[in-house]
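The figures here come from the full heavy-atom set of this structure, side chains too, leaving out hydrogens, waters and symmetry mates. Keep in mind that this is a model prediction, so the values were computed, not measured.
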Amino acid sequence: MLTDDTPTSSLRRLWIGFDNQRHVIGAMMMRELHTRYGRENIGYLWMFAEPMLLAGTIAAIHSGERTHFSSDIRPVPFALIGYCIFILFRSIITRAESAIDSNKALLFHRMITIFDMMTARALLEGASTLCTLGILMLFATMLGYADLPVRPMALLAGIGLMLWFSFGLSMLLAAVSYENKLITKFIHPITYLLMPASGAFFQLHWLPQPYRDWLAWLPMTQFFELARYGQFEGANLDYVDFSYLICCNLFVLFLGLVALKVVRRQVHL
C-alpha cells in the first residue's frame, strides 16, 4: 500500500496540480477571448484579423523593394517576421497594465492567481502571432514573395524567446503599474520608441560600429537575428549569444515573479 509520502504519490499530486492549472489557464484564455473580441461580427477571428491587417499592410509596402544585402533575404518575409514578432512584444506589454484591475474579481477563486492571468494573456498573444505569421507567410510564398523557412526550429526559437521575455516583463509592468498609475502613461510611448531600435527592421551586421555592439546588448535585437536565421539561408548567428539571452530571460522572469508576489498583498478584493 502506498502512503502519502511515497514518490509515486507525490508525482501523482504534482500531476493533478499541473492538470488543474492547465484547466484554469485554458478557462482564462477563453474568458479573455470572449471579453476582448465578443461574439459579434467575426468574433474570435479578430484575434488573427487585427494583426494580419497591420502586418499585411507593412509587408505590402515593402513588396516592391529590392535588397542587395543577400540574395535570399527578401523584403516581404523580412518585414513580416519583424513586424509580427514586434506585435507580439507590444501586445503583451501594453495589455499588462490593465491585467490586474480587469480580472481582480477572479481572485475570489482560490485556484486563480495573478500568474494565471498573465500566463493566459501571454499564451493567447503567442498563439495569435504564430498563426498570423504562418498564414501571411503562406500567402506570401504562394504569391512568390517569400520562401519557406530554411530552419523552422530556429524561427520558432526566436519567437519563443521573445514570448518568454515579454511574459516576464509583462508581469513586472503589471505589478509596478498597479501600484503607480503614472507608469501606464509611459508604456505605450516607450514601445513605439523601441521599434526602431529593436532590430525588427534591420540586421545587426548592416550597422556600423560602435552602434552595432551597443544594440547587440538589447536582447530583442538578438531574438530577431535568431528568427531571421530560421527564415533565410543567408542569415547567420554571428551576433546571437544564447547564454546571454537565457540569462536575461531568467532574470526578467525572476523579477516578474517577485513583483507579482509583492503586489498580491496590496490587491484588496
Query - Tyr244 atom OH, neighbour heavy-atom count above 12 within 6.0 Å - result: yes
**Report entry** Proximity of Phe167 and Phe115 rings by center, below 6.0 Å
**Finding:** yes
**Report entry** Gap separating the CE atom of Met220 from the CE atom of Met162, nearest 0.5 angstrom
**Finding:** 4.0 Å
Query raised in the report: Between the main-chain N or O of Gly126 and the side-chain N or O of Thr129, is there a donor-acceptor pair closer than 3.5 Å?
Result: no
Requested in this report: Please answer: with hydrophobic residues joined when any side-chain heavy atoms are less than 4.5 Å apart, are Val76 and Leu148 in the same cluster?
Outcome: no
Query raised in the report: Under 3.5 Å, is there a donor-acceptor pair between the Thr119 and Asp116 side chains?
Result: no
Query raised in the report: Name the one of Phe165, Trp164, Phe89, Phe86 that satisfies side chain to side chain contact (heavy atoms under 4.5 Å, CB included) with Phe223?
Result: Phe165
Query raised in the report: Which pair of non-hydrogen atoms, one from Thr132 and one from Cys84, has the smallest distance, and what is that distance?
Result: CG2-SG, 4.3 Å
Requested in this report: Decide if the gap between the ring center of Trp206 and the ring center of Phe78 is smaller than 6.0 angstrom.
Outcome: yes
Query raised in the report: Does Val150 share a hydrophobic cluster with Leu138, counting links as ILVMFWY side-chain heavy atoms below 4.5 Å and allowing steps through other members?
Result: no
Query - Lys NZ or Arg CZ of Arg74 over Tyr145 ring: under 6.0 Å, within 45° - result: no
Report task. Tell me whether Tyr192 is reachable from Ile183 by hopping between hydrophobic residues (I, L, V, M, F, W, Y) whose side-chain heavy atoms are closer than 4.5 Å. Result -> no
Query raised in the report: Should Trp214 and Phe201 be regarded as members of a common hydrophobic cluster, given that ILVMFWY residues are connected when their side-chain heavy atoms come within less than 4.5 Å of each other, either directly or indirectly?
Result: no
Requested in this report: Answer with yes or no whether the hydrophobic clustering places Leu193 together with Tyr83; edges join I, L, V, M, F, W, Y residues whose side-chain heavy atoms lie under 4.5 Å apart.
Outcome: no
